Number of protein chains: 2
Amino acid sequence: MPGRRGMRSSGWGGKFRGCGYRMTVPRQSIMDVLSVTNKHLSAEDIYMEVHKIYSNVGLTTVYRTLELLTQMGLVVKFDFGDGRARYELIEGSKSGHHHHLVCTGCKRSIEYTDFINEETEFLERAEKELSKKYKFDIKNHIIQFYGLCDKCREKK
Amino acid sequence: MPGRRGMRSSGWGGKFRGCGYRMTVPRQSIMDVLSVTNKHLSAEDIYMEVHKIYSNVGLTTVYRTLELLTQMGLVVKFDFGDGRARYELIEGSKSGHHHHLVCTGCKRSIEYTDFINEETEFLERAEKELSKKYKFDIKNHIIQFYGLCDKCREKK
DNA sequence: TTGATAATGGAAACCATTTTCAATAAGAAG
DNA sequence: CTTCTTATTGAAAATGGTTTCCATTATCAA
């Protein structure tokens with residue numbers, strides 16, 4: 001019976017400690033929120049979600065953890081132009097790899113999963129070569145298409 | 001001898017008027033700055049540049065114009081994570097179509113033009129199909145790779 | 001030239017994100 | 001289990017890029 005007692009669910013702790021960081025209650029609960037959702041949440045969204053369970057976790061910590069996760073390459077930070085950043089766990093259990101269509105009018109975004117296979121092939125090669133050429137340790141990527149959604153188009 | 005008298009250089013005026021907007025001195029000067037540069041400038045960068053010639057153009061107007069240009073699909077707005085947005089004229093005379101490698105450590109970005117041809121083929125098809133499927137009027141796109149640059153990697 | 005109204009600029013307001021700092025808790029060592 | 005070092009945290013205050021307000025000015029169709 002491996003790992004009784006502590007048994008703090010998922011193995012994120014190891015990941016953190018492996019990078020020289022500590023696993024804490026706030027961090028664990030933020031990971032929980034991120035791995036359960038299937039949408040891109042803002043820092044405040046996450047804060048409110050975490051708050052339901054641990055009402056003493058502060059918004060500041062949420063921001064700090066999100067920054068840390070981004071550095072570690074576990075999370076991607078998106079900017080859809082509405083003034084607040086969104087975060088997604090890479091390969092976030094739920095919705096698989098995807099990209100976004102962003103409306104420059106209402107700033108809403110649509111997630112799409114089309115072409116992912118063709119993309120992957122192309123992106124993997126690009127990633128490999130760019131890493132070498134520019135001495136970059138590439139952790140992840142984003143592709144976003146900008147334009148006007150159905151509703152915003154007819155408004156104008 | 002077509003268009004004497006006014007002869008205000010480039011044909012941006014028509015583009016603006018065609019969309020129901022007016023061509024003004026601030027707008028013209030912002031377009032001038034954008035079409036001459038070959039790097040992604042922040043609103044303030046543009047403001048300072050414009051200010052050299054027209055010291056009475058306000059920062060507010062720069063923001064407003066940039067937003068307008070983004071809506072019109074003439075400009076792309078980038079977020080490299082350093083807290084200020086960057087703007088680039090599409091097909092901005094100088095550097096051609098390109099994408100960015102963004103360092104999550106120092107927030108600096110590297111512009112690359114590799115793979116653009118292969119990309120284009122793929123993206124055009126994606127753009128066409130996504131437009132139809134999601135009823136989106138796609139104006140442009142971005143691709144960004146995130147990771148750590150050479151310097152930031154050895155720091156940690 | 002004129003008039004309707006789009007566009008502007010400066011100052012004030014916004015508000016997401018960051019910084020500060022004293023208090024707390026993770027985890028290695030004993 | 002207790003101790004000790006120090007990473008982490010939370011609350012409040014500060015920051016600073018971007019927006020909003022509004023009286024004034026300028027564009028351009030008629």
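First the proteins, then the strands, lettered A, B, ... as listed; each starts at 1. Predicted model, so just to flag it, every value in this text is computed and none were measured.
- For the pair L59(B) and S42(A), nearest-nucleotide mapping onto DNA chain C gives the more 5' position to L59(B).
- If you check dT17(C), dA16(C), dG9(C) against the side chain of R84(A), the one that comes closest is dA16(C).
- Nearest to the side-chain atoms of R22(B) among the listed nucleotides dT27(D), dT18(C), dG9(C) stands dT27(D).
- For the pair E44(B) CD and dG16(D) P, the computed distance is 12 Å after rounding to whole Å.
- Residue T24(A) has its side chain nearest to dT8(D) when only dT17(C), dT18(D), dT8(D) are considered.
- Atom P of nucleotide dT17(C) and atom NZ of K107(B) are separated by 12 Å, given to the nearest angstrom.
- Spacing between atom CG of D45(B) and atom C1' of dG17(D) amounts to 13 Å, rounded to whole angstrom units.
- A salt bridge does not link E119(B) to R125(A): none of the charged nitrogens lies less than 4.0 Å from a carboxylate oxygen.
- Dashed line: the shortest gap from a side-chain N or O of T61(B) to OP1 or OP2 of dG9(C) is under 4.0 Å.
- M23(A) has its CE atom 22 Å from the P atom of dT6(D), to the nearest Å.
- In this structure, the nucleotide among dG10(D), dG10(C), dA29(D) sitting nearest to the side chain of P26(A) is dG10(D).
- Nearer the 5' end of DNA chain D, as judged by each residue's closest nucleotide, is the contact made by D82(B), out of D82(B) and V25(B).
- With rounding to the nearest 0.5 angstrom, the CG atom of N140(B) is 8.5 Å from the OG1 atom of T70(B).
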Under 3.5 Å, N/O pairs linking protein and nucleotides 21-23 of chain C:
none

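- Ring geometry for F80(B) versus H40(B): interplanar angle over 60°, hence perpendicular rather than tilted (30 to 60°).
- Comparing dG9(C), dT8(C), dT9(D) by their closest approach to the side chain of R27(B) singles out dT8(C).
- Aromatic ring centroids of H100(A) and H141(B) lie 6.0 Å or more apart.
- For H99(A) and F145(A), the ring centers sit 6.0 Å or farther from each other.
- Distance, Y87(A) OH to dT17(C) C1': 8 Å, rounded to whole Å.
- The 5' end of DNA chain D is approached more closely, in terms of each residue's nearest nucleotide, by G83(B) than by the other of G83(B) and T60(B).
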Any chance you could lay out the side chain to side chain donor-acceptor pair (under 3.5 Å) test for Q144(B) and Y146(B), step after step, and finish with the verdict? CA-CA 6 Å; Q144(B) 284 177 198; Y146(B) 295 103; 2.8 Å; yes
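- Atom pair Y54(B):OH and dA26(D):C1' shows a separation of 14 Å (rounding to whole Å applied).
- Of all non-hydrogen atoms in T104(B) and Q71(A), the two that sit nearest each other are O-NE2, 2.8 Å.
- The distance between atom CG of L66(A) and atom C1' of dA16(C), rounded to the nearest whole Å, is 13 Å.
- Separation of atoms CG (L41(A)) and OH (Y87(A)) is listed at 11.0 Å; rounding is to 0.5 Å.
- Distance Y63(B) OH to dC21(D) C1': 18 Å, rounded to the nearest Å.
- If V62(B) and G81(B) are placed on DNA chain C by their nearest nucleotide, the residue sitting closer to the 5' end is V62(B).
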